[in-house]
S.K.: 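Please see the structure below; I have some questions.
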Protein chains: 2
Amino acid sequence: MVAERIEGLRLPRTQRRQQILAAAAQAFAETGFHGTSLADVATRVGVSQPGLLHHYPNKQALILAVLEERDDEDSRYLDETFRDGDPTVVEWLMALCELNARRPELVRLYTVTAAESLDPAHPAHEFFQHRYQRIRRIMAERIAADQRKGRVDRALDPEHVATEVMAVMDGLQLQWLMRPPVDMCARFRAYLERWSAGGEDAAPAGGRRLSADA
Amino acid sequence: MVAERIEGLRLPRTQRRQQILAAAAQAFAETGFHGTSLADVATRVGVSQPGLLHHYPNKQALILAVLEERDDEDSRYLDETFRDGDPTVVEWLMALCELNARRPELVRLYTVTAAESLDPAHPAHEFFQHRYQRIRRIMAERIAADQRKGRVDRALDPEHVATEVMAVMDGLQLQWLMRPPVDMCARFRAYLERWSAGGEDAAPAGGRRLSADA
DNA sequence: GTCTATAAAATGATAGAC
DNA sequence: GTCTATCATTTTATAGAC
């Protein structure tokens, strides 16, 4: 039984746009940009297809809005979670992984559209090129900061480590989204503990210890 | 200047099918299953769209044929490369990475379609579910074999290591396919050397040493 | 083995009424 | 803000000639 569509129901602009972004995120996560039709998204929202295009002028604008909104939301959450602490990069990464583990649909959205966006003609091509550069830079800075605090082996190249960590996260996410799913957080924790074992000559300042369970 | 289409030119079945698989592999690598049209592939081959469908009855059969053929080809190559040696799992993995580094279009085909295939309705969904299970099993067996030979730390769980190694490869491939590309083989070698350092208490029997250059 | 012709459906987008 | 109507294209697939 599909939810009835209340035709012509007028909603405030912001609210409707939120609905649309949520529905579009689901659809793009399942079938990517090319595999998703505007009619598909419109149906999920309970609105006509031209009604959808009233809020986002075309398909490209829609997917970009989805990706950017989700990115902003995540940044805010992570900033907030560690507002007063001084987490090690390892703690920060595990928190990110555990956050992701609670949001498979979001992970899937980025896994699917990132691969699709390798095509230079893809509407999110530039978005993902910049996104990966940005995340790599942020991660390298955190690693370098931990090196200065003696928490990470100083012999390592921050940018190289950042590249590797991102690869592990992306790759584990893909296998986690498959059947049977791998235990993403357990594998990531094991990886991080092996990786950071060398440089742990100082206790985390304001953070908690990395625990083996959870 | 686009290559002229010689209309109606009759080619032997096998040869034409090879052409089609090659063109389809390119197209699917660039835009995935949903983003590729049969007309697109047909044009690349220099054949009409119904002419294409004469050789593969529908789009799903085409992409499955592409993926399976490429997998077979790779298996043959890897078996052949190490026919007489007894490579360590690390040597075997580096050879695989270096092979991939020479075939970006093939890597892209698998990166793009694997993510797309997370959708249970995708024509290659089952193919990739099985593929990942199979590769994980093969890799775990090689790791276990190396453990018995004292080449890899016996404390490690082969299946867990296999999962992690596959994640690193997949993740590095994605970043390698982006701009600017990361140095996939260098990052993979650094990862493997850190990973295998613990268990190297025996010299590889018939294999060569892992070198820092290449 | 390949083509032209064609069908039937889906898709992204616009015009204009309410 | 939402709809119906409509368009121009594209897309997968089939029929039948050569």
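Convention: sequence-line order gives letters A, B, ...; per-chain numbering from 1.
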S.K.: May I ask you to verify if any side-chain N or O of A:Ser48 is less than 4.0 angstrom from the OP1 or OP2 atom of D:dT2?
M.R.: no
S.K.: My understanding is that only residues two or more places apart in sequence, or in another chain, count here; which of them pass side chain to side chain donor-acceptor pair (under 3.5 Å) with B:Asp40?
M.R.: B:Arg44
S.K.: Looking at the side chain of B:Pro50, which of D:dT12, D:dA15, C:dT14 is the nearest nucleotide?
M.R.: D:dA15
S.K.: To the nearest Å, how far apart are A:Gln49 CD and C:dT11 P?
M.R.: 10 Å
S.K.: Return a table of donor-acceptor pairs under 3.5 angstrom between the side chains of residues 123-131 of chain B and protein atoms on other chains or two or more places apart.
M.R.:
| unit_1 | atom_1 | unit_2 | atom_2 | d |
| --- | --- | --- | --- | --- |
| B:His125 | ND1 | B:Ser117 | O | 2.7 |
| B:His125 | ND1 | B:Asp119 | O | 3.3 |
| B:Gln129 | OE1 | A:Arg179 | N | 2.8 |
| B:His130 | ND1 | B:Glu126 | O | 3.3 |
| B:Arg131 | NE | B:Asp71 | OD1 | 3.1 |
| B:Arg131 | NE | B:Asp71 | OD2 | 3.2 |
| B:Arg131 | NH2 | B:Asp71 | OD1 | 3.0 |

S.K.: Among all residues two or more places apart in sequence or in another chain, which pass the salt bridge (Lys or Arg N to Asp or Glu O under 4.0 Å) test with B:Glu164?
M.R.: A:Arg194
S.K.: Ignoring backbone atoms, test whether B:Arg16 places a side-chain nitrogen or oxygen under 4.0 Å from the OP1 or OP2 oxygen of C:dT2.
M.R.: yes
S.K.: Specify the separation, in whole Å, of atom CG of B:Asp40 and atom P of D:dT11.
M.R.: 8 Å
S.K.: Is the B:His122 ring parallel, tilted or perpendicular to the B:His34 ring (thresholds 30°, 60°)?
M.R.: perpendicular
S.K.: Got a sec, which residues hit salt bridge (Lys or Arg N to Asp or Glu O under 4.0 Å) with B:Glu69, two or more places apart in sequence or on another chain?
M.R.: none
S.K.: With sequence neighbours excluded, tell me which residues meet salt bridge (Lys or Arg N to Asp or Glu O under 4.0 Å) with B:Asp170.
M.R.: none
S.K.: Could you tell me the separation between the CZ atom of A:Arg17 and the C1' atom of D:dT2, rounded to a whole number of Å?
M.R.: 15 Å
S.K.: At a heavy-atom distance below 4.0 Å, what parts of residues 52-60 of chain A sit against DNA chain C?
M.R.: A:Leu53, A:Asn58, A:Lys59
S.K.: Tell me: CG of A:Leu62 to C1' of C:dT11, nearest whole Å?
M.R.: 15 Å
S.K.: Specify the residue among B:Arg13 and A:Leu38 whose closest nucleotide of DNA chain C lies further upstream toward the 5′ end.
M.R.: B:Arg13
S.K.: Let me know the distance between NE2 of A:His34 and C1' of D:dT10, rounded to the nearest Å.
M.R.: 14 Å
